[in-house]
Amino acid sequence: MSEFTRPTWEEYFIMLAKLAATRSTCLAFPVGAVIVKNKQVLATGYNGSPSGSAHCTAQGFCYPGLSSCDASKAMPSRAVHAEANAIAQAAKHGISTEGASIYVTLEPCLSCLKLIVSAGIREVFYETAFNSGNNAIVRDSFANEGLVTFKQIQLSEEIAKKAALFLLSPTSVARSEAAATLESRLG
């Protein structure tokens, strides 16, 4: 691995979305989102209970006593999705998302996709596919109307390894020292 290999912009922003997902309090699907415009981060979000509400990590899934999120068909999920949280953060701070892009670790559900389109976000980059069947038909109709574009992206193994090493080692040290640390970790 070259010490000077840089992630593409797409890889960089999907890594930020993956880092945002580490803050998720959802026990079923940790998801992260990053809204970007002109290569600048506008807002981030992750899925979990609404602000101020008990987290699933504290009480166990969406409601106390459940063995999984879908164990109760009668009770809806309490989670606010990562994309909705990112859009809400932008709105809360008066940041326009018109013409922006969003990077998400999981392809947006239809509810979030409608929020994305309504918020003026025009590009969706995602890591893991989610929609199928009729949901995919609706998603594709938005794309066919020119409202939004979609692109599935994956991190290259080289960039993922470099990111892991950066997370595990000090990065704000002289390049020669960093290279030695990286070499010793690579064995």
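These values consider heavy atoms only, across backbone and side chains, with no hydrogens, waters or symmetry-generated copies.
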Return the [atom1] to [atom2] distance between [X] and [Y], rounded to the nearest 0.5 Å.
| X | Y | atom1 | atom2 | result |
| --- | --- | --- | --- | --- |
| T97 | I35 | OG1 | CD1 | 6.0 Å |
| E83 | S111 | CD | OG | 10.0 Å |
| F130 | T105 | CZ | OG1 | 11.5 Å |
| I153 | T8 | CD1 | OG1 | 7.0 Å |
| Y126 | Q154 | OH | CD | 9.5 Å |
| L147 | I121 | CG | CD1 | 13.0 Å |

What side-chain donor-acceptor pairs closer than 3.5 Å can you find for residues 37-45, not counting sequence neighbours?
residue: K37; atom: NZ; partner: E98; partner atom: O; Å: 2.7

Under 3.5 Å, side-chain donor or acceptor atoms of residues 86-95 against the rest of the protein: list the pairs with distances, not counting sequence neighbours.
residue: Q89; atom: OE1; partner: H93; partner atom: NE2; Å: 3.4

Do [X] and [Y] have side chains that approach each other closer than 4.5 Å (heavy atoms only, starting at C-beta)?
| X | Y | answer |
| --- | --- | --- |
| Q152 | E127 | no |
| C109 | H81 | yes |
| T5 | I159 | yes |
| L113 | R139 | yes |
| L155 | M15 | yes |

Where do [X] and [Y] come nearest, in terms of heavy atoms and distance?
| X | Y | result |
| --- | --- | --- |
| A33 | I102 | CB-CD1, 4.2 Å |
| A17 | V34 | N-CG2, 3.4 Å |
| P108 | I116 | CG-CD1, 3.7 Å |
| G32 | A21 | N-CB, 3.4 Å |
| Y46 | N85 | O-ND2, 2.8 Å |
| P30 | S24 | CA-OG, 3.5 Å |

Please determine whether the number of non-hydrogen atoms from other residues, nucleotides or ligands lying under 6.0 Å from atom [atom1] of [X] exceeds 12.
| X | atom1 | answer |
| --- | --- | --- |
| E145 | CD | yes |
| Y12 | OH | no |
| N144 | CG | yes |

Check whether any side-chain N or O of [X] sits under 3.5 Å from a backbone N or O of [Y] as a donor-acceptor pair, and report yes or no.
| X | Y | answer |
| --- | --- | --- |
| R122 | S101 | no |
| S141 | V138 | yes |
| N131 | E107 | no |

### E158/K162 under salt bridge (charged side-chain N to carboxylate O under 4.0 Å, His left out): CA gap, chis, key distance, verdict
CA-CA 6 Å; E158 180 181 17; K162 183 176 182 181; over 6 Å; no

### Task
Indicate the ring-plane relationship of Y103 and F13, choosing parallel, tilted or perpendicular according to the 30° and 60° boundaries.
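Geometry flag for F13 against Y103: tilted rings.
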
### Task
Find out if a path of hydrophobic residues (ILVMFWY) with successive side-chain heavy-atom gaps under 4.5 Å connects I14 to V124.
no

### Query
Can you name the side-chain hydrogen bond (donor to acceptor under 3.5 Å, both in side chains) partners of K114, sequence neighbours left out?
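With neighbours one apart ignored, the set is empty.
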
